[in-house]
Amino acid sequence: MLDAKYLRNNLDEAASQLARRGFTLDTEQLAEFESERKVIQAKTQELQAFRKSKSKEIGMAKKNGEDASEILASVASIGDDLKSMEARLKNLLDETNAVLMSIPNIPHESSPDGKNEDENIEVRKWGELPTFDFDIKDHVDLGVELGTGWNAKGGLMDFETGAKLSGARFTTLKGPLARLHRALIQLMLNTHTEEHGYSENYVPYLVRPDALRGTGQLPKFKEDLFAIEANEEDIADNKQLHLIPTAEVPVTNMVSDSILDEKDLPLRLTAHTPCFRSEAGAYGKDVRGLIRQHQFEKVELVQITKPEDSMNALDELLGHAEKILQLLKLPYRVVALCTGDIGFSACKTYDIEVWVPAQKTYREISSCSLFGDFQARRMLARYRNKETGKPELVHTINGSGLAVGRTLVAIMENFQQADGSIKVPEVLVPYMGGIKIIK
RNA sequence: GGAGAGGUGGCAGAGUGGUCGAAUGCGCACGCUUGGAAAGCGUGUAAACCGCAAGGUUUCGGGGGUUCGAACCCCCCCCUCUUCGCCA
């Protein structure tokens, strides 16, 4: 959420900043809300102040044994006025808040201008693209043909069984491929906790709407989420549980509603979780293979920092995610998202894209974003500034480190051999119980 | 799921209808003291919102109610702890 005060006092500037990302701010509506708010709030507070002082007088009079009936009479009539004023104010504030919650973050000045992903800017490339002296297969063909006969029928990557159990966009992995998938998670978590200074967390996979509002998935992107069935009462009370679309939600919200100690910052948090996305609006997109699933695993990196440290933290976190691909020797590139392509809550985002040989292109495998105080304001996550002694909003940063399923895809395709087997990256061999080739 | 206890500031913890945004302690900040530190002493220290400011409003788990006035009384809900049951 943007700072309401900033918005009020710099409406036109905010509008032009938001226009950079293609968002049209309804300045007229906000100005109208604001002028109405001023009047109603002043009136309400005036009535409240009157009642408060009169009540105090009554209290004193009674204590002194004086007759308070005259003061009582003077305050008796304001009850209804005050009640209706308070109700109007509350309605107006709720309405305003609903609008504010739907306004995306203002892009950072360093985010390149652009309309869509075509205008993203490549920052760097790493690694050499593999060359093959045979006809390569994509991960689907590789996975389906691998280990045929293992477990009676089907290959190590079994889309039919996944579909039977749960429908489209669900997959089962078997045998050494399932283990490779697990090995990746272990490698990622170990690297981030042992070498990059992150603390490991285990978090709930079902969260309340408040948490989703905190990080910005709600109220605008409800259709992307899976929600648990709930009765109307729970829905009204904001208790309907939703499956997390990313660990960003539970991990970042760990610091919601709190005032952190400055000396504890930055917080570096990591967690491995499954992620669930309904992928509404993605029909026909990446229907083949493991790229776009309703359920996938991810190791997430989150940092909670002081405002002045956040930009460095983003660069640092990006490096931590890249490190995994370097360890795996997978070629990738880093892309700075343009203003038209950054997510709702982010002000600056780098995507890491890994080389996918069968598609002859780089595909997103991590998205590392700086949110400034946008999420912190929604979550009310603060730290006590030692110099001022006052609580101030923290900054939040997060990124995938990495998306596990897509990493598996990249390994299969980049390290495939002529006979359809997969060479296990060296760093993973210890996690694979010594298995060097998956066939 | 049953029974009991409880939810108050950064933390611990008093407060059962009026001058209570709230004692006290810890923590934190500043000052005195010291060669320096500790201890000690003194002062200060909740948050959100409105306002250029002075100042004002709101908030004692959440929501309703009673009252001129609610941390305090009534109703509903949530959470935590103890305990019994059940259970991976």
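All figures in this text were calculated on a predicted structure; none of them were measured in a lab.
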Of A:Ile324, A:Ile411, A:Val299, A:Val427, which meets side chain to side chain contact (heavy atoms under 4.5 Å, CB included) against A:Leu184?
A:Ile411
Distance only, no hydrogens: is a donor on one side chain within 3.5 Å (strictly under) of an acceptor on the other, for A:Glu297 and A:His272?
yes
Using the side-chain heavy atoms of A:Glu34, tell me which of these nucleotides is nearest: B:G51, B:A47, B:U57.
B:G51
Distance alone, cut at 3.5 Å: any donor-acceptor contact between the side chains of A:Lys348 and A:Ser110?
yes
Any side-chain N or O of A:Lys386 less than 4.0 Å from the OP1 or OP2 oxygen of B:A29?
yes
State, without any angle test, whether A:His242 and A:Lys222 hold a side-chain donor-acceptor pair at a distance under 3.5 Å.
yes
Measuring from the side chain of A:Arg384 (C-beta onward, heavy atoms only), which nucleotide among B:U57, B:C68, B:G10 has the closest atom?
B:G10
Under a 3.5 Å limit for both distances, which nucleotide forms a Watson-Crick or G-U wobble pair with B:G1, could you say?
B:C84
Identify the nucleotide, in any strand shown, that forms a Watson-Crick or G-U wobble pair with B:U19, with both distances under 3.5 Å; if there is none, say none.
none
Under a 3.5 Å cut-off for both contacts, is B:C52 paired Watson-Crick or G-U wobble with anything, and if yes, with which nucleotide?
none
So, with a heavy-atom separation below 4.0 Å from RNA chain B, the residues of residues 204-218 of chain A are none
If only side-chain N and O atoms count, and only distance matters, is there a donor-acceptor pair under 3.5 Å linking A:Thr270 with A:Glu200?
no
Tell me what A:Lys390 touches on the nucleic acid: a base, only sugar-phosphate, or nothing, going by heavy atoms under 4.0 Å.
sugar-phosphate
Using Watson-Crick or G-U wobble geometry with both distances under 3.5 Å, which nucleotide pairs with B:C30?
B:G42
I'd like the P distance from B:A88 over to B:C79, given in whole Å.
23 Å
Separation between the C1' atoms of B:C73 and B:U24, rounded to whole Å:
27 Å
If we call it a pair only when both distances are under 3.5 Å in a Watson-Crick or G-U wobble match, what pairs with B:G7?
B:C78
The contact string for nucleotides 17-23 of chain B, one letter per nucleotide 5' to 3', using protein heavy atoms under 4.0 Å with B, S and - for base, sugar-phosphate only and none, comes out as -BB----
Report yes if the distance between the aromatic ring centroids of A:Phe371 and A:Phe344 is under 6.0 Å, otherwise no.
no
